[in-house]
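These notes concern the structure reproduced below.
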There are 2 protein chains.
Amino acid sequence: MIQAIDRAAGVLHALQGARHLGITELASELGLAPSTVHGIVKSLQAHGLVVKEPGSQRYMLGPTLLKLSNVYLDTHEVRARAMQWTRELARRTGCSIRLGVQLFDEVLVIHHNRRPDGSQQMYETGLSLPSHASALGKVLLAYDLDFADKVLEGALRPLTGDTVTEPTALRKELEGVVSASIATERDEAVLGESAVAAPICDRSGAVVAAVEIVMPTTEYPPSDEVLNDLRQTARTISREVGGSDWPPRPMRID
Amino acid sequence: MIQAIDRAAGVLHALQGARHLGITELASELGLAPSTVHGIVKSLQAHGLVVKEPGSQRYMLGPTLLKLSNVYLDTHEVRARAMQWTRELARRTGCSIRLGVQLFDEVLVIHHNRRPDGSQQMYETGLSLPSHASALGKVLLAYDLDFADKVLEGALRPLTGDTVTEPTALRKELEGVVSASIATERDEAVLGESAVAAPICDRSGAVVAAVEIVMPTTEYPPSDEVLNDLRQTARTISREVGGSDWPPRPMRID
DNA sequence: GAATACTATTCGATATTGTCGAATGGCGTT
DNA sequence: AACGCCATTCGACAATATCGAATAGTATTC
């Protein structure tokens with residue numbers, strides 16, 4: 001591990017959280033000397049990874065990140081293969097669809113199809129959610145035993161009054177996910193919003209992503225027909241990326 | 001400048017270009033020892049900035065970039081303020097709209113409104129274009145004299161047979177941009193696609209972004225009415241971010 | 001405008017870290 | 001199994017990153 005790179009990543013992470021920070025604030029947050037942080041920030045700035053806020057002394061994340069993330073999305077094979085299927089799923093169900101992957105202890109939305117009704121909807125690609133409070137995340141937890149262990153040993157933060165924060169209750173729920181090949185979430189992340197999700201596995205059998213149907217809670221639970229459509233979509237996408245055995249089995253990756 | 005951070009950014013840049021690279025390839029590309037590159041890559045990997053390609057020894061860009069870029073987009077004040085206006089512009093003109101900023105010698109699309117006709121369209125946020133071959137980029141060049149000098153001292157790469165690659169011709173065109181407060185592009189970036197763009201300036205008078213209407217070349221040139229709508233939109237957005245004098249003046253930033 | 005307080009930036013000595021060559025391990029092909 | 005190529009580990013030490021002190025810049029108050 002190269003310390004200077006770790007520290008640079010720490011600056012990016014701090015700016016991800018607080019959005020705008022001055023050098024002294026960053027130094028305090030990272031426990032480093034201001035002149036050290038200044039060197040790090042200037043190096044990141046030279047590459048467009050951070051920029052100085054117009055008209056102030058504070059720094060924020062920079063445009064190079066957007067360009068790089070565009071390449072990340074282009075390069076992501078599961079996403080590329082899933083897109084046509086998620087679009088069709090959105091059309092057939094009339095719901096918005098999310099494709100998510102694990103990022104540390106969270107789930108990151110890497111593709112989003114809006115609900116086809118033409119309503120104004122937030123763009124969600126790049127959004128991260130706590131894994132325990134989203135159907136996407138519960139799928140990833142259910143099939144990656146190390147990930148589940150790690151998340152369940154920390155505190156499960158309540159996002160709403162309905163979020164499951166009791167570890168034994170969540171473990172039991174994850175067992176049910178594997179039985180049904182479907183994870184559910186009702187009002188746990190955002191009040192009024194519920195979802196169901198299914199796993200996407202690759203050639204090695206590992207669950208590498210999940211696909212989720214999001215709906216207003218007034219339309220929850222979805223019919224068996226919708227659930228089966230979701231399973232079929234997940235299976236189809238899995239097959240496209242070499243995952244021939246669906247549903248997958250929970251495993252330890254390393 | 002911290003060398004290790006520069007080198008890490010070099011790795012990200014190499015992966016942005018070639019998408020998938022092994023350690024030896026990266027080492028060759030960067031002119032460093034394989035063991036040095038290995039250390040850099042492992043440090044980036046620990047933060048999710050790069051990942052190992054499933055089932056191979058090659059590396060590619062990682063999910064953290066997407067999360068960070070989402071924060072970048074959220075933090076970008078011009079973009080936040082522009083969004084409602086570009087949406088209205090798309091609705092009124094029936095065309096797709098791009099909002100762009102300078103990233104080194106290119107223009108980076110930071111917001112995109114699809115054409116309202118419901119047709120299938122590529123998601124363009126995060127896309128970068130050569131500045132000389134796009135209306136967005138020409139606006140940025142016209143108002144930032146240092147940027148123009150820098151781009152015009154390098155070779156202007158032809159993207160199509162219509163791309164203006166003669167420096168004196170482009171300089172003359174940039175003068176016309178300032179006169180009209182509108183830049184144009186016909187088939188210069190992509191055959192069959194043309195565009196007009198206008199500048200967005202901030203409180204200091206600097207042009208910090210441009211807004212562009214994109215249309216099929218069969219619909220080019222747009223009417224005066226559309227051009228005035230574009231100017232008005234650029235002016236409105238400028239005013240929202242403190243740019244009270246529109247149209248702006250060309251300037252040197254430093 | 002001057003004084004003050006706070007933050008950013010520069011500078012240079014030096015402790016620490018990153019680098020790279022050599023060795024070892026891993027993987028794919030024949 | 002042998003071979004070739006690439007990835008990874010290891011350790012010596014040169015180079016670099018770090019941090020404290022000094023300086024410069026900025027905003028606020030009187």
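Order of the sequence lines sets the chain letters (A, B, ...), proteins ahead of strands, with each chain counted from 1.
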Practice prompt. Measure up the B/His112 and B/Tyr123 rings against each other and bin them: parallel (under 30°), tilted (30 to 60°), perpendicular (over 60°).
Written response: perpendicular
Worksheet item: Once each nucleotide of nucleotides 7-23 of chain D is scored for protein heavy atoms under 4.0 Å, what B/S/- sequence comes out, 5' to 3'?
Response: SSB------SSSBB---
Worksheet item: Do NZ/NE/NH1/NH2 and the carboxylate oxygens of B/Arg252 and B/Asp144 come within less than 4.0 Å?
Response: no
Worksheet item: Should B/Leu159 and B/Val190 be marked as a side chain to side chain contact (heavy atoms under 4.5 Å, CB included) after you check the CA-CA gap, both sets of side-chain angles, and the distance that decides it?
Response: CA-CA 7 Å; B/Leu159 276 77; B/Val190 177; over 6 Å; no
Practice prompt. Any chance you could lay out the salt bridge (charged side-chain N to carboxylate O under 4.0 Å, His left out) test for B/Asp74 and A/Arg19, step after step, and finish with the verdict?
Written response: CA-CA 9 Å; B/Asp74 268 357; A/Arg19 310 292 162 109; 3.5 Å; yes
Worksheet item: Would you say the side-chain atoms of B/Ser134 pair up with the backbone N or O of B/Gly137, donor to acceptor, closer than 3.5 Å?
Response: yes
Worksheet item: Tell me: CD of A/Glu53 to C1' of D/dT26, nearest whole Å?
Response: 15 Å
Worksheet item: Does A/Ser43 use its side chain to pair, donor to acceptor, with the backbone of B/Ile2 at less than 3.5 Å?
Response: yes
Worksheet item: Looking at residues at least two apart in the chain, or sitting in another chain, which of them share a side-chain hydrogen bond (donor to acceptor under 3.5 Å, both in side chains) with A/Thr86?
Response: A/Asn113
Please tabulate the protein-to-nucleotide N/O contacts below 3.5 Å involving nucleotides 28-30 of chain C, giving atom names and distances.
none

Worksheet item: Given A/Arg171 and A/Asp149, is the salt bridge (charged side-chain N to carboxylate O under 4.0 Å, His left out) satisfied, shown in steps?
Response: CA-CA 9 Å; A/Arg171 271 207 188 275; A/Asp149 286 347; 2.9 Å; yes
